Amino acid sequence: MNMDIATVNALPYEDFVNIFGNVVEKCPIITAAVWSGRPFVNLTALETAISEFIDALPESGKEGILRCHPDLAGRDLQSGTLTRESREEQAGSGMDALNSADASRMARLNEEYKERFGFPFVICARMNDKANILRELSERCPNERSVERARGIEEVKKICRLRLQDLVHTDSPNKL
Ligand SMILES: NC(=O)N[C@H]1NC(=O)NC1=O
């Protein structure tokens, strides 16, 4: 895809949601909401609108966003039911090729984390490798719930930024 910002701003909401609906995993409601904020001056402005929408949510809403994320190396990966974006991100950080020791460690820590916080561990897989992810997962487990809620949301925003960038080319100054 190669869209300039004028093209994005001219999209009917059906197309806008179809194209950008999964920049926050399984949360097309966010994309549908920020469409009201057109016109965007550039891609960063769209990203900011998404970020501000998320920040304005009550804590339960932020936890809801985290709960829409599949586990890393979890059941959806095993059964092939990840979204395309998540599948590519997880494969990129080696989550689809864990040895059995790492796979069971991952599964155990993911369960422990979810049990403790009531939402899953979220990290931007494209900015981390397997070793990092495992380390972060074990280091973040003892944190306070409010700290982890905020950390998870920061990671959601990183994932969102990379997904947005993938949807538009930024190779020319006239492009997004
Ligand atoms: N749980 C979790 O972090 N999931 C994800 N992270 C990422 O980069 N893509 C995901 O689906």
Side-chain angles (χ1 to χ4, degrees), residues 1 17-32 34 43-44 46-48 50-51 53-55 57 59-168 170:
M1 207 172 302
V17 175
N18 277 334
I19 294 167
F20 295 106
N22 208 48
V23 295
V24 178
E25 180 76 11
K26 293 186 181 156
C27 293
I29 189 175
I30 298 176
T31 306
V34 302
L43 184 65
T44 306
L46 172 55
E47 190 190 323
T48 302
I50 292 170
S51 197
F53 182 88
I54 293 173
D55 291 341
L57 290 171
E59 303 310 325
S60 61
K62 293 173 188 163
E63 293 186 2
I65 290 174
L66 297 175
R67 290 184 193 120
C68 288
H69 285 70
D71 282 349
L72 290 163
R75 208 168 303 152
D76 285 316
L77 187 148
Q78 305 308 326
S79 59
T81 49
L82 289 172
T83 62
R84 181 181 49 76
E85 293 89 340
S86 181
R87 183 176 68 246
E88 290 173 3
E89 290 157 359
Q90 297 209 29
S93 61
M95 291 295 105
D96 60 343
L98 295 179
N99 63 40
S100 67
D102 286 342
S104 40
R105 183 144 178 264
M106 195 77 180
R108 184 176 51 77
L109 289 168
N110 269 333
E111 283 316 308
E112 205 176 298
Y113 186 101
K114 280 192 280 191
E115 178 71 22
R116 176 167 164 86
F117 299 112
F119 50 80
F121 171 77
V122 175
I123 191 167
C124 178
R126 284 164 79 180
M127 297 173 81
N128 291 280
D129 59 15
K130 178 186 87 168
N132 259 320
I133 290 172
L134 274 163
R135 195 184 51 243
E136 285 283 312
L137 180 48
S138 62
E139 285 180 5
R140 282 170 48 183
C141 261
N143 283 344
E144 291 294 321
R145 182 188 176 110
S146 59
V147 170
E148 275 313 296
R149 192 195 295 126
R151 264 312 296 276
I153 290 297
E154 268 177 51
E155 297 297 318
V156 167
K157 290 178 183 176
K158 292 179 197 168
I159 296 167
C160 175
R161 178 177 314 133
L162 295 177
R163 289 184 181 185
L164 274 173
Q165 284 170 359
D166 281 349
L167 287 168
V168 288
T170 50

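As the structure is a computational prediction, the values presented were derived from the model and not from experiment. Both counts, for ligands and for their atoms, begin at 1 and track the order of listing.
Counting heavy atoms from C-beta outward, E136 and I133 have side chains that stay 4.5 Å or more apart. Contact check for D55 versus K157: side-chain heavy atoms found under the 4.5 Å cut-off.
Side chain of R67 to backbone of G118: a donor-acceptor contact under 3.5 angstrom is found.
The protein atom (non-hydrogen) at minimum distance from atom 9 (N) of ligand 1 is E89 OE1, 2.6 Å.
On a distance-only criterion, I159 and ligand 1 share no N/O pair closer than 3.5 Å. For E25, no nitrogen or oxygen atom sits less than 3.5 Å from a nitrogen or oxygen atom of ligand 1, counting backbone and side chain alike. Not one N or O of C124 is nearer than 3.5 Å to an N or O of ligand 1, by distance alone.
Note that CD1 of I153 is 8.0 Å distant from CG of L57, once rounded to the nearest 0.5 Å. From D76, atom CG reaches atom NE2 of H69 across 12.5 Å, with rounding to the nearest 0.5 Å.
When all heavy atoms of F117 and R145 are compared, the closest pair comes out as O-NH1, 3.0 Å.
Looking at E111 and K114, a side-chain N of the basic residue comes within less than 4.0 Å of a carboxylate O on the acidic one, giving a salt bridge.
Looking at L82, L77, L66, I123, it is I123 that brings a heavy atom closest to atom 3 (O) of ligand 1. For atom 2 (C) of ligand 1, the nearest non-hydrogen atom from the set P120, P70, C68 belongs to P70. By heavy-atom distance, the residue among S86, G92, G152 lying nearest atom 11 (O) of ligand 1 is S86.
Ligand-side atoms of ligand 1 in range of F121: 1 (N), 2 (C), 3 (O), range being under 4.0 angstrom from any heavy atom. Applying the 4.0 Å criterion to heavy atoms of A125 picks out, from ligand 1, the atoms 7 (C), 8 (O).
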